[in-house]
Chemist: 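Next up is a structure, given as structure tokens.
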Amino acid sequence: MCGIIGYIGKRPAFPILLSGLKRLEYRGYDSFGFFVLDKKTPFLFKKKGKISKAEKKLSDLKINGNIGIAHTRWGTTGLITDENAHPHFDCQKNIFLVHNGIIENYKELKEKLKKEGHKFTSQTDTEVLCHLIEKYFKGNLEEATRKALREVRGTYGIAVMSKKDPQKIVAARLSSPIILGINNNEFLIASDPAAIITHTRQIINLDDNEIAVLKPDNFFILKEKTPEAIEWTQAQVEKGGYSHFMLKEIMEEPETIENAIRGRIIVEEGAVKLGGLDDVKDKLKKIKRLIIIACGTSYYAAMIGRYMLEEYAGIPTEVDFGSEFRYRKSIFDKNTAAIFLSQSGETADTLAALRETKKKGILTLGITNIVGSGQARETDAGVYTMSGPEIAVASTKTFIGQLAILALFTIFFGRQRDMSLITGKRIIKELKRLPDLARDILKKEKIIKELAEKYCQFSNFIYLGRKYNYPIALEGALKLKEISYLHAEGYSGGEMKHGPLALANKKFPFFVISPLDSVYEKMISNIEEVKVRKAPILAIATIEDKKIKDITDDVVYIPKTLEMLTPILSVLPLHLFAYYMAVLKGYDVDKPRNLAKSVTVE
Ligand code: AGP
């Protein structure tokens, strides 16, 4: 995915674009670029690499002009070069365009345009849009853009400018987010609120197939839309004294639980109130089967959701990757509901799976963090995680937010069925305690940093867990791979003897998640099997567990809670461990190589 920002108003556009782009770098950071239109000299700058490297030089430039667009790229088509950075332009250097998404039929369009005489300067799919707009341009940019987009297959969020129709920015979207920011005498466009929150909190989410035209004193889109307020604050999109967004976001995990449950629990009734499900609550009473669809870390949250829903709500629940679900023949009856789980609400595979299920006419529910995202708009009903902006590419606090919401879903579905008042109350009571328990764990930051120092000499890790903590083993391993570039695999404890045990030796540490729960004894057997093979063992264990320290090398203790809620606590040390491993290795923790915050292309 890529980041887009545009500005039109009375102030110099460039500093606004530069600071906005820096906030968007987490969306893509292999190259970046600007186009600013000044009456005398238009300014175009495109560069491979991160903005920070060129920032000093750019800040010193005197760039006039009150209209401009900018882009930070995470390349999908074409190598990472200056030429492939956005903005792209047409043959006459009249049309300038930034794009997030993918033009699937770009090869055939490019061939056709080349035959018509167009000359291309990049290898990207995006450039065909510039030449298509050029082809239709007769002086009116929105007209030309509209005609060009009719020929395109794929996904896009775009912002376009023209030197020959200079007083406007045209924006359009299809499955890639575009928001308009409305301030007194100025307008902004962006792919993400984080880019424009300093200037305005009044935004309009552009819908698919809509085209917006922003002028210095007004704007219009096909449909009249009323601005809605963004609840995020500026402080939330800044590091606030932390060295990385990831650390800040891990430290926000306790309040993420509070934000997810606030106003949603009715303690004395052992029940929850999820406003987003009100309209479908009668239909949900009849549901006999659930399928949860997600990708990456959200998929691991979905796996934990399955354990919760089956154990406490008694509903058979299946879990699938968006990328697998969309291509398999799934069999549903009308008593099935699908839950889509996505931090961004824009993950291409999850959205495609959502569209597949909608074709089958079954009820769709969403859990996402992003208000107005594609998923939020396309599901029949849903709940926001309310985790606030997550800037680091690696998901941490939003995973916790998803688990808290899944616990609320479990109470919701359970109380509609056979869950007793006592059980409902017990889960709610524990959920309320979790933020403080999480704070206690995060106080062990120094101990976890020391463990990272001890273990950063190793290049391979196995993470083991069972039942509720099996997905936590997967999440711990993913986080280590993602930001520390170390080989790490997550396994269910029971699967260890079916292969991975062969790897155990003194150079191959095992990270075991073994709280005092229903599978504790089984985990202890796993630990003993590893120990006799001399592999170093780190454990996440419950404070009351007195014997684990005798059979492991290092232990991080967590407080006791209900088994179904343990993952919300056991994952915290794993997030911190991955963070410190990456810091010790000197990597760019918030922007790991080859990855972007959300995967909006297949
Ligand atoms: C998490 O650390 C990853 N960056 C990634 O696996 C992510 O969870 C996945 O791409 C799904 O994203 P989503 O929640 O926005 O759909």
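Remember, predicted model here, so these are calculated numbers, not experimental data. Counting convention: from 1, in listed order, for ligands and their atoms alike. One is the number of the first residue; the rest follow in order along the sequence.
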Chemist: Is the NZ or CZ atom of Arg593 both under 6.0 Å from the centre of the six-membered ring of Tyr485 and within 45° of that ring's axis?
Modeler: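 Here Arg593 passes the 6.0 Å and 45° test against Tyr485.
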Chemist: Give the numbers and elements of all ligand 1 atoms closer than 4.0 Å to a heavy atom of Val393.
Modeler: 4 (N)
Chemist: Do His244 and Asp590 meet the criterion of a side-chain donor-acceptor pair at a distance under 3.5 Å?
Modeler: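 Distance-only check fails for His244 and Asp590.
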Chemist: Of the protein's non-hydrogen atoms, which lies at the shortest distance from atom 14 (O) of ligand 1, and what is that distance?
Modeler: Ser298 OG, 2.5 Å
Chemist: Quick one: do the Ser298 and Gln402 side chains pair a donor with an acceptor below 3.5 Å?
Modeler: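 Yes.
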Chemist: Is it true that, when you exclude Lys248 itself, more than 12 heavy atoms of the residues, nucleotides or ligands shown sit nearer than 6.0 Å to its NZ?
Modeler: yes
Chemist: Of the protein's non-hydrogen atoms, which lies at the shortest distance from atom 4 (N) of ligand 1, and what is that distance?
Modeler: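 Answer, as residue, atom name and distance: Glu482 OE2, 2.6 Å.
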Chemist: Take Glu482 and Leu595 through the side chain to side chain contact (heavy atoms under 4.5 Å, CB included) test and state the conclusion after the steps.
Modeler: CA-CA 8 Å; Glu482 202 174 9; Leu595 301 176; 3.2 Å; yes
Chemist: Atom 16 (O) of ligand 1: which protein heavy atom is closest, and how many Å away?
Modeler: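 Nearest protein contact, heavy atoms only, for atom 16 (O) of ligand 1 is Thr347 OG1, 2.5 Å.
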Chemist: Write out the residue and atom name of the closest protein heavy atom to atom 9 (C) of ligand 1, then the distance separating them to 0.1 Å.
Modeler: Cys295 O, 3.7 Å
Chemist: I need the atoms of ligand 1 closer than 4.0 Å to a non-hydrogen atom of Ala394, numbered in the order shown.
Modeler: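 So the atoms of ligand 1 that pass are 2 (O).
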Chemist: List ligand 1 atoms under 4.0 Å from Ser395, heavy atoms only on the residue side.
Modeler: 1 (C), 2 (O)
Chemist: Check whether any N or O atom of Lys597, backbone or side chain, sits under 3.5 Å from an N or O atom of ligand 1, and answer yes or no.
Modeler: no
Chemist: Just say parallel, tilted or perpendicular for the rings of Tyr299 and Phe321, cut-offs at 30° and 60°.
Modeler: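 Parallel, since the angle between the ring planes stays under 30°.
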Chemist: Which value, rounded to the nearest 0.5 Å, describes the distance between Ile558 atom CD1 and Ile540 atom CD1?
Modeler: 7.0 Å
Chemist: How close does the nearest protein non-hydrogen atom get to atom 7 (C) of ligand 1, and which residue and atom is it?
Modeler: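 The answer is Thr297 N, 4.0 Å.
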Chemist: Kindly state whether the ring of His71 and the ring of Phe32 have centres lying under 6.0 angstrom apart.
Modeler: no
Chemist: Any chance the rings of Phe508 and Phe461 have centres within less than 6.0 Å?
Modeler: no
Chemist: Considering only non-hydrogen protein atoms, determine which one is nearest to atom 15 (O) of ligand 1 and report residue, atom name and distance to 0.1 Å.
Modeler: Ser344 OG, 2.7 Å
Chemist: Between Glu346 and ligand 1, find which residue part has any heavy-atom pair under 4.0 Å and reply side chain, backbone, both or neither.
Modeler: neither
Chemist: Which option, Thr350, Thr368, Val599, owns the non-hydrogen atom nearest atom 10 (O) of ligand 1?
Modeler: Val599
Chemist: Between Lys479 and ligand 1, find which residue part has any heavy-atom pair under 4.0 Å and reply side chain, backbone, both or neither.
Modeler: side chain
